[in-house]
Amino acid sequence: MMKGYIFDYGGTLDTGGCHWGKMIWHAYRQNGIPVTWQQFRDAYVHGERTLGTVPIVRKDFTFRQTLEAKVRLQLEYLSLPLSFLPSLISCLYSDVLCHTAHSREVLGRLPEPKVLVSNFYGNMTVVLREFGLDGLFCHVVESAEVGVRKPDPRIFTLGIGALGLRPQEVTVVGDSVSKDIIPARQAGCRTVWLRGEQWTDEPVDECAADRIITDLSELLTT
């Protein structure tokens with residue numbers, strides 16, 4: 001019997017299942033930025049690796065500031081003018097506000113205790129407060145704080161412990177099969193894959209998930 005939830009943040013609560021790389025790529029296209037998909041992909045990977053190794057994002061950064069740091073690194077890598085930055089951030093942040101509002105409404109209607117487990121930069125508490133999501137979780141397990149990152153199943157074990165439940169009583173909801181669903185199953189949890197636009201076109205093992213949804217509101221129905 002399911003008694004609690006573990007939720008992913010990035011790509012789940014803030015984009016409705018769309019990979020962040022694709023979210024930003026669509027914003028590039030909408031703003032007419034002269035870059036090919038492969039050029040953007042290289043810039044995105046460079047930016048993510050840089051943020052993962054260099055402490056650019058401070059603990060007091062809002063999500064908007066985090067997004068600005070991320071996109072700035074991409075534009076610099078591409079040798080594109082930073083004058084593109086304001087329009088890109090405005091477009092992306094507007095979308096995030098809509099997605100997080102929807103997530104907040106759904107999470108507020110789920111009576112079970114909820115824990116957040118996320119690969120993030122140490123500012124997750126500020127980000128949750130920014131979008132009014134801070135009062136919805138009884139605990140936050142953030143990779144930068146605990147020293148364990150997905151897809152290591154141990155980060156989900158920490159979430160299970162925070163709920164005070166047995167693994168089989170916990171349902172993990174995330175957008176990534178490789179980083180959320182498979183390691184959560186290895187930790188003994190039930191899994192729900194929020195299927196959205198993926199980073200690549202490579203086949204995904206849909207059988208890895210116990211349930212597949214395309215909108216968080218489907219969690220409110222059996």
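At least one donor-acceptor pair under 3.5 Å links the side chain of Q198 to the backbone N or O of G196. With E218 contributing its side chain and T214 its backbone, the two residues share a donor-acceptor pair below 3.5 Å. Looking at S90, its side chain never comes within 3.5 Å of a backbone N or O of P86 through a donor-acceptor pair.
Evaluation of the ring pair (Phe, Tyr, Trp, His ring centres under 6.0 Å) test over residues 176-217, restricted to residues two or more places apart or in two chains, returns H19-W199, W37-W199, Y44-W199. Residue pairs meeting the salt bridge (charged side-chain N to carboxylate O under 4.0 Å, His left out) criterion with at least one member in residues 16-38, sequence neighbours excluded, are K22-E197. For residues 139-148, every residue pair satisfying the salt bridge (charged side-chain N to carboxylate O under 4.0 Å, His left out) rule, not counting sequence neighbours, is listed here: K59-E145. The ring pair (Phe, Tyr, Trp, His ring centres under 6.0 Å) analysis of residues 56-75, with sequence neighbours excluded, yields the pairs W20-F63, F63-F131. Residue pairs satisfying the ring pair (Phe, Tyr, Trp, His ring centres under 6.0 Å) criterion with at least one member in residues 139-184, sequence neighbours excluded, are absent. Pairs of residues two or more places apart, or lying in two chains, that qualify as salt bridge (charged side-chain N to carboxylate O under 4.0 Å, His left out) and include a residue from residues 155-173 are K3-E169, R166-E169. Residue pairs meeting the salt bridge (charged side-chain N to carboxylate O under 4.0 Å, His left out) criterion with at least one member in residues 82-104, sequence neighbours excluded, do not occur.
Checked against side chain to side chain contact (heavy atoms under 4.5 Å, CB included), R64 has the following partners two or more places apart in sequence or in another chain: T62, E68, I89, Y93, E130. In this structure, the side chain to side chain contact (heavy atoms under 4.5 Å, CB included) partners of D8, at least two apart in sequence or on a different chain, are T12, K150, D175, D180. Under the side chain to side chain contact (heavy atoms under 4.5 Å, CB included) criterion, K114 pairs with Y5, F7, L107, L110, F137, sequence neighbours left out.
Using a 4.5 Å cut-off between side-chain heavy atoms of Ile, Leu, Val, Met, Phe, Trp and Tyr, with links allowed through other members, L92 and Y9 fall into the same hydrophobic cluster. Put simply, V117 and F120 are part of two different groups of oily side chains (I, L, V, M, F, W, Y) that touch within less than 4.5 Å, one to the next. Put simply, V148 and I181 are part of two different groups of oily side chains (I, L, V, M, F, W, Y) that touch within less than 4.5 Å, one to the next. V140 and I155 fall into different hydrophobic clusters, where Ile, Leu, Val, Met, Phe, Trp and Tyr are joined by side-chain heavy atoms under 4.5 Å apart, directly or via other members. Using a 4.5 Å cut-off between side-chain heavy atoms of Ile, Leu, Val, Met, Phe, Trp and Tyr, with links allowed through other members, L13 and L194 fall into the same hydrophobic cluster.
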Walk me through it: do H99 and V96 pass the test side chain to side chain contact (heavy atoms under 4.5 Å, CB included)? CA-CA 5 Å; H99 284 297; V96 170; 5.7 Å; no
Run the side chain to side chain donor-acceptor pair (under 3.5 Å) check on Q39 and T36 step by step: do they pass? CA-CA 5 Å; Q39 289 171 330; T36 67; 3.3 Å; yes
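Q168 contributes atom CD, which lies 9.0 Å from atom SG of C189 (distance to the nearest 0.5 angstrom). Taken from CD1 in I182 to OG1 in T191, the straight-line distance is 9.5 Å, to the nearest 0.5 Å. One distance of note links CG of D210 with CE of M2; it measures 12.0 Å at 0.5 Å rounding. Separating the CE atom in M23 from the OG1 atom in T15 is a distance of 5.5 Å, to the nearest 0.5 Å. Here E48 contributes atom CD and N119 contributes atom CG; the two are 11.0 Å apart, rounded to the nearest 0.5 Å. Between atom CG of residue L88 and atom NZ of residue K70 there is a gap of 13.5 Å, rounded to the nearest 0.5 Å.
Judged by distance alone, the side chains of T125 and D134 never bring a donor and an acceptor atom under 3.5 Å apart.
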What donor-acceptor contacts under 3.5 angstrom involve side-chain atoms of residues 74-83, with partners at least two apart or in another chain?
residue: Q74; atom: OE1; partner: Y28; partner atom: OH; Å: 3.0

Side-chain polar contacts of residues 202-209 - donor-acceptor pairs under 3.5 angstrom, sequence neighbours left out - could you list them?
residue: D205; atom: OD1; partner: C207; partner atom: N; Å: 3.2
residue: E206; atom: OE1; partner: R195; partner atom: NH1; Å: 3.3
residue: E206; atom: OE2; partner: R195; partner atom: NH1; Å: 3.1

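The 12-atom threshold is not exceeded at CZ of R72, counting heavy atoms of other residues, nucleotides or ligands nearer than 6.0 Å.
Contact record, E112 with G4: CB-CA, 4.1 Å, taken as the closest heavy-atom pair.
In this structure the side chain of I56 never reaches within 4.5 angstrom of the side chain of Y121, judged on heavy atoms.
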